[in-house]
Amino acid sequence: MPTVTLNRKEVEKLMGKKLSLEQLKDRISMLGTDLEEVTDKEIIVEIFPNRPDMLSEQGFARALSSFIGVNTGLKKYNVGKAEKDYRVIVDKSVDNVRPFTACAIVKGLKLDDEKIREIIQVQEKLHVTFGRNRKKLAIGIYPLGEITLPIIFMAKKPREIKFRPLESERVMDGLQILSQHPAGRDYGHLLEGTDKFPVFVDAKGEILSMPPIINSHKTGRVNEKTKDVFIECSGFDYDILSKCLNIVVTSLADMGAEIYSMIIEQNGKKIESPNLNPFSAKLDIKYVNKMLGLNLTEKEIGVLLGEMGLGYKERKVYIPAYRTDILHQIDIVEDIAIAYGYENFEEEIPNVSTIGEEDGFEIFKNRVADILVGMGLIETISYNLSNEFVNDKKMKVESDCVKLANSLTVDYSCLRSWVLPSLMKILSENTSKEYPQNLFEMGTVFNKDEKQETGIKEEDGLCVVLCSSTSDFTKIRQVLDSVMKALDIDYEVKEASHPSFIEGRVGVLRVTSKTEDQDIQMEEDLAILGELNPEVIQNFNLEMPTAVFELNLSKLYGLMRK
Amino acid sequence: MDIERIIAKLSPLERRVLPYLTSKSLNEIIEKSGMKDVEVMRALQWLSNKGVVKIIESEKELIVLGNNGVNYKKNGLPEKRFLNALTDKFVVVQNVLKKAGLAKEEMNICVGSLRKKAAIEIKKDNGLLVTINPNGKKLLEKESLEELFLKKQFPINVKNLKPEELFAMKSLLSRKEIIRKDKFKIRNIELTPSGVKLSKIKIKDEDFIDRLTPKMIKSGEWKGKKFREYDVEINVPSIYRGKRHFVNQAIKSAKRIWLDMGFKEMKGNIVQSSFWNFDALFTAQDHPVRDMHDTFFIEDPKNAKLPARELVEQIKNIHENGGNTGSTGWRYKWVEENSRTNVLRTHTTSLSGRMLASLNKEDIPCKYFALGKCFRNETLDWSHLFEFNQTEGIVIDPNANFRHLLGYLKEFFKKMGYEKARFRPAYFPYTELSLEIDVFHPVHKKWVEFGGAGIFRPEVVKPLLGVDVPVLAWGPGFDRIILEFFKINDIRELYKNDLEQLRKIKEWTR
């Protein structure tokens, strides 16, 4: 989530009321932003992604000002009528590339370095958050004095696009920009698979920009002398573009500039832009009170909505054109709650009777753990993530463990398919500690299984390791016997073969059960036990005989419930 | 203590060492008694506890040979060997080194020191040429102070050195690894007055019973004999009991809180389809959390099966236009393929979503909780783990409201040990109203962020449950509580499994 650094003086001036530092901090937090720090000059705050309208000094101050009761209710913005040439013609060629744009003209800016920084910050933060790193939308701002209206939005073959991009010394074509310009390298993937690139072109044929990549050096650079600007926002959903444009132009208007409309001509239709009319939604007072557990009157709700910068009249809420987060009536309810103050709600625990219940398998696992603790074993917990080297190669087995697609660490690139390797790793990291080291661990193991919803079967394994100079088959079998006897399960240990173990000193635990119709006897192997192959022991840099068993707890529990 | 009591308390080791206490040095006692040095040390320590002996520790500085010193003692100092290899003719220096069996690195010290003593002539002509001069020949005839020093028996006590030997020592110390000064601890024994008395008494082993055996009890031979008395006041070696891992102890107690509050446990898989982890929770497909650098994806099997067609269609509509919920939705094109990808669950909320989808109208009202590992794609460092424990509770109740949520939260955190909690507005894609919980830390005296809570959005509840019922939800992570209780600063220590730590760590008592 984006953190913005706002100019405190500017915010306080726009708020229209000076608060003490403590009040300021408190109000900022309770409005629904995550305050990091207030210094003499700055307010550093994290804006949640639902309120991109608060990313600028102006938008932030506007919200805070109504919240503290200074300028409440809908804020009105005047939009001057479009002059004759205030037109943007959207050519058919952009339909498959970047089909929409929302545009405006803003006049009378008084810019200085600080104001320019503010404008760049809001533009950049909108790109990252609301624009999903320019995937959804991109904003361009151009000095009106450098361009000639009307503007054409069209798509051209990359080789035919030629202009000098910002921060470059020379003229490049569309493909060169993607491969050589830093912005092209960062955002070029957004134009992948299109044979034509979108461009804004002015009436003299001068290219203004190639969205969403870069502006022209000649016509797309705002400086402290700029007074009037042309603003466009291009992308894939007109409503979203329009909202984004509204956020930008209302911020500029709050700086003291004037907004003028433009006519967008597309598919034979003419649309006036920007549209700063509030949109309305019905409000069910009963629903509000039910969700909040309050008894607010219509009048009180009207006042609370006003404190969030919303208008209210006759069961209808009027929402400013720059708010992007009102999807459902519940979003308005939240605004009411914020204005009411989360700190003012009286907490209540309702008298609803429900019965607590622990999961049966979890109870079972705790019992097994208690049995093992009673035998003096120490429980460990390892990560579910492992790597093939530890999970398979060091254990001398070949398995098809579940690999991760994008792990940041090579050491943790797959999901473990059994618990034993995790315990071996623990033993290898504790060779300087006192022996005997008798440990157990219970945890999820992952194996491929097409029958499962995810293609992966998740079961719980239990592994016990006895590591000391006297560890042997008898000792590990004694532990396993104790567990099985404690659980009252009949079983046999059968000779087996396994590459991790010494030949002739490895067995499986076999349980015979009957199927539901009692006809067929089913044999199932639930555990492997034995003395580890010295090669495996050495692979983990150990010098101690190690006897182990690994038991499938999920299967065991399944059997016991039959 | 009187002598009789002391005698009664002597252990076999002490009795064995007793006759040799007339020797003052530890080494001598070890030698004479034939006991192991640890045994002697232990016995002396006990005797000293009993006031029989005094152990006097002192430090001594000794000169010992270094790696090069061992070599030079055997083969001679390099400069002497170099000088020996010279003739009256000028010879290339490399050849001299070869002849003397010296390494290249030794050239500088040889040439340097011999030049200082005016023993050689040097000229430069296609490399360095050297020859011996009469002065040098004289030097060959007698041994230098350094050579004499090396011939001594090491280690050498600095205190016993003569002035010219001290000079040689200084010169050798300045060179690489020939000799070095080491400090040695010396332990000497002094008998106390009661020790003197004790040493004069002859004690027979058979006068005391050391270990009581079954045989003695049976035969009664213990009767009339004295038992050796133990020093019951000294410490004994530690033994370690079996125990649960401290994280599991904490999980158990957190679970207890949920059960006390009437919640049922939910369980589910760690690998989830994006559908259950994200889409069903109204998290837009272009939401940053679904990026590669936040979430672990599975390489193979890459995709999961989706639930019933009807539900998939509903979720698609919800995302695109809000479906039948009265919402506008996210207004983008929802791609079914993206919802198939398998991920490691990023929150236990994926279990809550599944639970909602499995409930019938008769089951409501009900309360569920989950507790388990969740994952985020991060590199390990002291404050970040890719696996973390999350706990989550949901209350599904047609009459639930925001005040109830705050009530449950207050109670929950009180049971966790935090008397004071406050709530701030926050944002999560799947809850509205949303809030962040701060608890007041009783020790640090400040507010600490403790996780999110809220009421599930209608866009989440309606398609899964079939009706739009308020669902209260909260999901604090609790690794932080564990770290704090056990005073662990590096989060990696939670799963380091250091046996020393596991054996000694205190029990979870909250």
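Letters A, B, ... mirror the listed sequences (proteins, then strands); counts begin at 1. Being a predicted model, the structure only gives us computed values, none of them experimental.
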May I ask you to check whether [X] and [Y] show a side-chain donor-acceptor distance below 3.5 Å?
{"X": "N295(A)", "Y": "N289(A)", "answer": "no"}
{"X": "T33(A)", "Y": "E46(A)", "answer": "no"}
{"X": "T341(B)", "Y": "S274(B)", "answer": "yes"}

Side chain, backbone, both or neither: which part of [X] has a heavy atom under 4.5 Å from chain B?
{"X": "K136(A)", "value": "side chain"}
{"X": "N384(A)", "value": "both"}
{"X": "D237(A)", "value": "side chain"}

Of the backbone (N, CA, C, O) and the side chain (C-beta and beyond), which part of [X] lies under 4.5 Å from a heavy atom of chain A, both, or neither?
{"X": "E378(B)", "value": "backbone"}
{"X": "R457(B)", "value": "side chain"}
{"X": "S434(B)", "value": "both"}
{"X": "Y368(B)", "value": "neither"}
{"X": "Y332(B)", "value": "neither"}
{"X": "F275(B)", "value": "neither"}
{"X": "L344(B)", "value": "side chain"}

Query raised in the report: Does a salt bridge link D438(B) with K420(B), judged by any charged N lying under 4.0 Å from a carboxylate O?
Result: no

Requested in this report: Could you tell me whether K255(B) and E265(B) have a side-chain N and a carboxylate O separated by less than 4.0 Å?
Outcome: yes

Report task. Determine the option with the most heavy-atom pairs under 4.5 angstrom with chain B, choosing from A369(A), S407(A), S382(A). Result -> S407(A)

Query - Heavy-atom pair count under 4.5 Å with chain B, highest-scoring of L327(A), V373(A), L408(A) - result: L327(A)

Query raised in the report: If you draw a 6.0 Å radius around NZ in K267(B), do more than 12 non-hydrogen atoms from other residues or ligands fall strictly inside?
Result: yes

Requested in this report: Tell me, please, whether F279(A) has K243(A) positioned over its six-membered ring: NZ or CZ under 6.0 Å from the ring centre and within 45 degrees of its axis?
Outcome: yes

